[in-house]
Amino acid sequence: MSRYEPKTIESKWQAAWDAAETFKARRDPAKPKYYVLEMFPYPSGRIHMGHVRNYTMGDVVARYKAAQGFSVLHPMGWDAFGMPAENAAMERGGHPKEWTYGNIADMRAQMKPLGLSIDWSREFATCDPEYYGQQQAMFIDMMAKGLVYRKNAVVNWDPVDMTVLANEQVIDGKGWRSNAPVVRRELTQWFFKISDYSAELLSALDGLKDWPEKVRVMQANWIGQSRGLQFAFTTTGAPEGFDRLEVYTTRPDTLLGASFAAIAADHPLAKHLERHDPAVAEFTAECRKGGTTAEAMETAEKIGMDTGIRVLHPFDNSVELPVYIANFILMDYGTGAIFGCPAHDARDFEFATKYGLPIPVVFVPEGAEEADLDEPFVPMKSERVQYIRGFAGNDLQTGEDAIAAAIAECESRGIGRGVTNYRLRDWGISRQRYWGCPIPVIHCDACGVVAEKKENLPVRLPDDVSFDIPGNPLDRHPTWRQCTCPQCGADARRETDTMDTFVDSSWYYARFTAPHATTPTIAEDADYWMNVDQYIGGIEHAILHLLYSRFFARAMHATGHLPAKAIEPFNALFTQGMVTHEIYKTTDAAGRPIYHLPEDVTTFTVGDRRVTVLGDVAPPDPDMIPDINAWMQGLNDEGALVEVIPSAKMSKSKKNVVDPMNIIEAFGADTARWFVMSDSPPERDVEWTASGAEATFKHLSRVWALCSRIGDMPADHAGEGDAEIAKATAKAVDEITRAIETFAFNKAIAALYGLTNTLAKANGSTPAMKQAIRTLAQLMCPMTPHIAESIWTYQGGAGLCATAPWPKADPALLVDDTVTLPIQINGKRRAEISVPKDMPASEVEKIALADEAVVKFLAGAPVKKIIVVPGRIINVVI
RNA sequence: GCGGGCGUGGUGGAACGGUAGACACAAGCGACUUAAAAUCGCUAGAGCCAAGCUCGUGCGGGUUCGACUCCCGCCGCCCGCACCA
């Protein structure tokens with residue numbers, strides 16, 4: 001066996017797998033299926049280390065499951081619509097389509113050398129008309145089911161780029177690209193009725209046992225269920241049509257602490273008032289102005305304006321409360337109107353203090369007397385407090401109990417009703433962009449808004465568009481909008497909004513089960529392959545993508561495109577950590593930071609100091625440096641000394657990136673794959689270090705050398721220790737199997753190091769050594785499939801290692817005949833003994849007490865108690 | 001503010017309530033070499049320069065024969081949400 005040359009063997013085995021169609025997913029009723037999916041990439045043009053880590057994890061699972069006898073589906077595609085393609089077209093010319101498909105080709109070419117066990121025959125991009133046409137068909141089905149609707153919504157509008165911006169695209173109140181002040185504008189937008197499923201999306205989280213707790217909690221918070229009372233105040237002095245004011249509260253128990261009511265600036269009453277009163281208009285404009293960012297919200301002062309309108313307290317019509325318009329009331333939560341209870345709500349307290357409103361106390365801490373408050377008293381709802389102004393019992397009780405009693409009491413008095421509210425709002429999917437899935441509807445003067453006929457799908461994006469003028473090219477296309485009404489046949493106009501790209505990624509997992517079908521899915525395929533057994537991706541998609549996918553699967557079931565079992569599409573979810581790297585920084589004369597790529601710096605140790613300098617410099621001879629501080633100061637004065645900032649997510653702007661292609665070029669894919677799986681647990685961040693990558697390559701070279709050495713052994717070499725080798729191998733099989741099952745890839749790799757070290761030191765018989773290294777190859781195969789194939793073949797393994805059944809550990813080899821038991825005296829380890837594994841406890845006890853070291857420690861003291869945990873430990877208490 | 005998570009050698013990290021620090025990186029020493037690289041071997045939590053002992057998993061308590069692990073209270077860091085009535 002020659003030297004370890006990853007480049008040669010990796011392309012060789014990739015070709016062999018291709019030729020054998022090793023990874024083609026086949027519907028095989030005789031086998032259990034396993035569907036493993038990594039979140040598909042956006043085709044930016046370059047793969048990065050995060051991709052390598054994500055896809056390697058999926059690949060380990062896929063290859064392992066295949067070896068376990070599952071029929072595996074492991075596909076790959078492209079989340080290909082979206083703004084960057086249009087931005088590129090605006091900046092550099094060209095067409096988003098060419099840019100996108102060019103990037104896909106580039107990225108595919110970068111991914112293939114990783115040797116992933118992907119069924120490439122199922123590949124698609126969401127911008128393929130065959131894909132988005134089926135998405136349009138489902139949109140039409142969803143319209144028919146009432147899951148789609150249009151309404152006016154306030155959006156962030158960029159007046160220069162003439163487009164709607166997402167909240168994340170608004171920076172300091174300005175458009176992220178145009179830098180123009182963003183205006184709030186009301187547009188008619190398309191929505192999916194995800195709110196129909198709020199309760200179910202929440203309750204079904206409990207069933208997702210194999211999802212990270214963190215993600216379930218984040219989703220639950222996002223859906224934001226609350227239970228409260230909705231009721232109407234009677235108003236006085238209000239304009240016609242506003243004689244009642246509906247409010248929602250989660251604290252109806254504090255109703256007798258009400259001192260004012262407040263409405264949002266966008267509340268219908270406020271809007272009515274602003275039309276007739278310039279002062280109100282000025283105030284509501286002020287409310288709307290504030291930034292939408294979190295910090296702006298945080299620091300914004302609470303302001304209000306007394307409308308002069310009064311509401312009557314529902315329990316006592318002689319009590320009148322003023323109605324304010326206030327900037328901290330949100331129109332799209334509850335009813336957009338509240339009653340304020342300053343004593344028990346921080347915001348209401350701040351507001352009441354500012355405007356000199358009364359602060360009536362409803363309850364006090366257990367055992368306390370009523371007193372004026374310097375700050376609001378807001379206990380946990382589970383805390384017991386003494387009610388003073390309760391109306392459903394002035395007892396010592398928890399807020400929870402009081403709220404339930406208050407709702408019941410109000411309902412019986414005919415004041416309002418108990419209501420469950422959700423923060424989750426309907427999903428606005430309209431985008432005024434070109435590079436997205438066209439919404440397949442038609443506007444007809446006679447018939448209104450009508451769905452396109454399915455036989456006319458896909459509604460294709462026109463190719464002849466330009467991006468030299470801001471705005472949506474579909475709007476200004478000379479002919480694309482022209483069409484005929486599917487209902488009456490008259491001339492009509494196409495919708496020019498396209499869908500949010502989150503729609504594209506909300507069902508791609510289902511499409512992979514039948515990627516070329518002329519319907520969105522095919523029942524038999526979806527039935528066989530769904531659900532995704534293991535989904536792997538970044539935590540950044542914990543909320544939106546996963547929640548939308550859960551909704552979409554339900555919508556697909558409701559429209560007949562997925563079986564009932566698939567309404568929760570992802571059985572298990574794993575969120576992997578990031579790949580991080582140190583950041584190398586110097587500063588220019590003006591003190592501005594300059595960042596440097598890892599390959600542009602050199603690090604060495606001088607004494608106990610780690611020094612990083614610019615350039616490819618040879619390490620200095622430590623003896624030549626009499627004064628390290630002076631020497632480093634010198635480097636600093638030259639501008640050569642680099643500041644090392646602790647590891648952070650790889651990002652282009654900080655230049656702390658390592659290009660996977662450079663690593664594959666230098667060390668091969670197996671090294672890259674092994675390294676990203678080693679050391680750190682997969683859910684945590686892993687730090688990429690040059691020395692680590694190099695060390696990995698050295699290790700693989702050692703395995704190669706070991707294989708070579710075993711290959712050179714004479715066939716009749718007897719050696720010794722075959723039993724120990726078999727045991728070590730069995731233990732490794734057991735350990736690695738369990739590690740992979742539990743996503744503890746770092747532990748699997750630690751065990752692989754262990755077995756390799758054992759074999760390197762062993763001197764077994766030739767057949768025993770060959771058997772052991774073949775097993776080692778199989779165990780390595782999920783992480784480093786190429787070198788595994790080479791070793792497997794070289795050592796006489798039959799067929800491909802990738803298709804060989806996973807090794808099983810003989811249980812008899814996993815238990816040792818004798819065990820070493822530590823002996824503790826009063827919980828401190830003092831000695832150890834070796835005993836046969838099934839020796840009765842009483843015998844063990846005797847031997848332990850007779851042990852020389854134990855006798856010495858006991859020094860004749862009486863033994864109070866002795867605990868023998870079989871096979872584990874002995875503890876002597878004196 | 002609310003919610004979730006984490007704190008172990010120089011570093012990444014192991015450890016069903018049962019020998020803390022597996023495995024690896026970095027480091028040091030040695031062998032081979034004219035030399036270096038590569039390779040191989042050894043050392044390594046801290047302290048008492050050794051056998052051995054003492055102390056050690058953020059801090060303080062508790063439960064237990066026994067606690068990195070479980071419970072209570074602090075401290076620190078990370079992440080998510082955030083004017084949600």
Side-chain angles (χ1 to χ4, degrees), chain A residues 212-222 224-226 228-229 247-252 254 261-262 264 290 294-302 326-330 332-341 344-348 350-351 378 380 421-425 539-540 542-543 603 605 608 610 647 675 678-681 683-687 689-696 698-699 701-702 705 735 744 746-757 760-761 820-832 864-869 871-878:
Chain A
E213 171 72 14
K214 185 188 169 91
V215 174
R216 287 187 294 171
V217 167
M218 281 164 75
Q219 292 221 348
N221 290 342
W222 189 260
Q225 188 182 59
S226 71
L229 178 77
V247 298
Y248 172 73
T249 177
T250 55
R251 292 307 297 259
T254 66
E295 309 91 88
M297 301 291 236
E298 180 74 18
T299 51
E301 201 190 340
K302 292 185 182 17
N327 65 339
F328 64 96
I329 310 299
L330 305 172
D332 46 12
Y333 186 77
T335 62
I338 61 146
F339 78 82
C341 174
H344 307 295
D345 181 279
R347 291 156 309 174
D348 295 350
E350 187 186 331
F351 191 82
V378 190
M380 306 275 278
N421 246 320
Y422 297 92
R423 284 178 43 196
L424 182 65
R425 293 161 213 165
I539 186 76
E540 66 272 21
I543 300 178
T603 295
T605 46
D608 55 357
R610 221 193 112 191
S647 223
F675 185 83
S678 64
D679 285 347
S680 287
E683 67 276 15
R684 251 187 262 179
D685 294 349
V686 63
E687 183 180 14
T689 62
S691 60
E694 204 165 319
T696 298
K698 283 182 191 173
H699 173 72
S701 301
R702 261 194 302 273
E735 226 174 310
N746 55 324
K747 287 191 243 171
I749 283 185
L752 284 169
Y753 274 112
L755 181 59
T756 307
N757 293 343
K761 287 184 182 129
T820 303
L821 296 181
I823 303 172
Q824 294 185 331
I825 293 169
N826 283 349
K828 279 191 198 298
R829 182 181 166 280
R830 296 297 182 188
E832 60 181 39
K864 281 196 200 141
K865 193 172 173 186
I866 180 161
I867 293 125
V868 177
V869 184
R872 277 283 173 197
I873 203 164
I874 301 152
N875 194 8
V876 183
V877 187
I878 55 173

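Just so we're on the same page: letters track the sequence lines, and every chain starts at 1. In what follows, every heavy atom counts, from backbone to side chain, and hydrogens, waters and symmetry copies are set aside.
- Nearest heavy-atom pair, A:Thr254 versus A:Cys341, reported as atom, atom and distance to 0.1 Å: CB-SG, 3.6 Å.
- For the pair A:Lys864 NZ and B:G66 C1', the computed distance is 15 Å after rounding to whole Å.
- The C1' atoms of B:U11 and B:A44 are separated by 14 Å, rounded to the nearest whole Å.
- Comparing B:C84 with B:C71, their P atoms sit 31 Å apart, to the nearest whole Å.
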Handout entry: Contact state string [nucleotides 22-27 of chain B, B base, S sugar-phosphate only, - no protein heavy atom under 4.0 Å]
Key = BSSSS-

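- Between A:Asp679 and A:Asn746 there is no side-chain heavy-atom pair separated by less than 4.5 Å.
- Within 4.0 Å (heavy atoms only), A:Ser678 reaches no atom of the nucleic acid at all.
- Residue contacts for A:Asn875: at a heavy-atom cut-off of 4.0 Å it reaches a base atom on one of the strands shown.
- One interatomic measurement links the two molecules: CG of A:Asp685 to C1' of B:C6, which rounds to 12 Å at whole-angstrom precision.
- Where A:Val217 and A:Arg251 each meet RNA chain B at their nearest nucleotide, the meeting point lying more 5' is that of A:Val217.
- With B:U54, B:G13, B:G18 as the choices, the nucleotide that has an atom nearest any side-chain atom of A:Arg830 turns out to be B:U54.
- No engagement by A:Glu687 is indicated, since no non-hydrogen atom pair under 4.0 Å with the nucleic acid exists.
- Remark: the separation of the C1' atoms in B:G73 and B:C83 is 32 Å, to the nearest Å.
- Contact annotation: A:Lys865 side-chain N/O to B:C65 OP1/OP2 distance is under 4.0 Å.
- When the nucleotides B:U19, B:G18, B:G3 are ranked by their closest atom to the side chain of A:Thr820, B:U19 comes out on top.
- The side chain of A:Ser226 lies closest to B:A85, out of B:C81, B:A85, B:G18.
- Using P as the reference atom, B:A15 and B:G58 are 16 Å apart when rounded to the nearest Å.
- Checking A:Ile874 against A:Arg684, the closest nucleotide of RNA chain B that is more toward the 5' end is the one next to A:Arg684.
- In this structure, CD of A:Gln225 is placed 17 Å from C1' of B:C2, rounded to the nearest angstrom.
- Nearest approach of A:Thr335 to A:Tyr248, heavy atoms of both residues: OG1-N, 3.7 Å.
- A distance of about 16 Å separates the C1' atoms of B:U8 and B:G76, rounded to the whole Å.
- In this pair, A:His699 and A:Tyr753 present their aromatic rings tilted. The plane angle is within the 30 to 60° band.
- Taking atom CG of A:Asn826 as the reference point, atom C1' of B:A67 lies 16 Å away to the nearest angstrom.
- Set against B:C65, B:C79, B:C83, the side chain of A:Val877 has B:C65 as its closest nucleotide.
- In this structure, of B:U19, B:C81, B:G12, it is B:G12 that holds the atom nearest to the side chain of A:Ser680.
- Ion pairing between a basic and an acidic side chain is recognised when a charged N comes within 4.0 Å of a carboxylate O; A:Arg425 and A:Asp332 show such pairing.
- Because its glycosidic torsion is more than 90° from 0, B:G5 is reported here as anti.
- The same atom, C1', is picked in B:C32 and in B:G21; the two are 33 Å apart, to the nearest Å.
- Annotation: side chain of A:Ile539 is in contact with side chain of A:Lys214 (closest heavy-atom distance under 4.5 Å).
- Proximity of A:Arg216 to the phosphate of B:G4: no side-chain N or O atom is located under 4.0 Å from OP1 or OP2.
- The shortest side-chain heavy-atom distance between A:Ile338 and A:Asp348 falls under the 4.5 Å cut-off.
- Using atom C1' as the reference point in both B:G56 and B:C48, the two lie 15 Å apart (nearest Å).
- Phosphate contact (OP1/OP2 of B:A85, side-chain N/O of A:Tyr333, threshold under 4.0 Å): present.
- Rounded to an integer number of Å, the gap from CH2 of A:Trp222 to P of B:G4 is 18 Å.
- The side chain of A:Arg872 lies closest to B:G18, out of B:C79, B:G18, B:A85.
- Stretches of at least 3 consecutive Watson-Crick or G-U wobble pairs, with each checked distance under 3.5 Å, appear in RNA chain B as B:1-7 with B:75-81, B:10-12 with B:23-25, B:27-31 with B:39-43, B:45-48 with B:52-55, B:58-62 with B:70-74.
- For A:Arg829 and B:A67, the CZ to C1' distance is 18 Å, given to the nearest whole Å.
- With A:Arg423 contributing its side chain and A:Asn221 its backbone, the two residues share a donor-acceptor pair below 3.5 Å.
- Figure legend: cation-pi geometry between A:Lys302 and A:Phe351 absent, as NZ or CZ is not positioned both under 6.0 Å from the six-membered ring centre and within 45° of its axis.
- Rounded to an integer number of Å, the gap from A:Ile878 CD1 to B:G66 C1' is 14 Å.
- A salt bridge is absent between A:Arg347 and A:Glu350; no separation between the charged side-chain nitrogens and carboxylate oxygens falls under 4.0 Å.
- Side chain of A:Asn826 to backbone of A:Ile878: a donor-acceptor contact under 3.5 angstrom is found.
- Two residues are said to be in side-chain contact when any heavy atoms from C-beta on lie closer than 4.5 Å; A:Leu821 and A:Ile823 fail this criterion.
- Nearest nucleotide to the side chain of A:Ile329, out of B:A85, B:C81, B:C16: B:A85.
- Considering only the side chain of A:Glu832, B:U19 comes nearest among B:A14, B:C65, B:U19.
- Comparing the same atom, C1', in B:U57 and in B:U19 gives a spacing of 15 Å after rounding to whole Å.
- Atom-to-atom, CD of A:Glu350 to C1' of B:C83 comes out at 9 Å; the value is rounded to the nearest Å.
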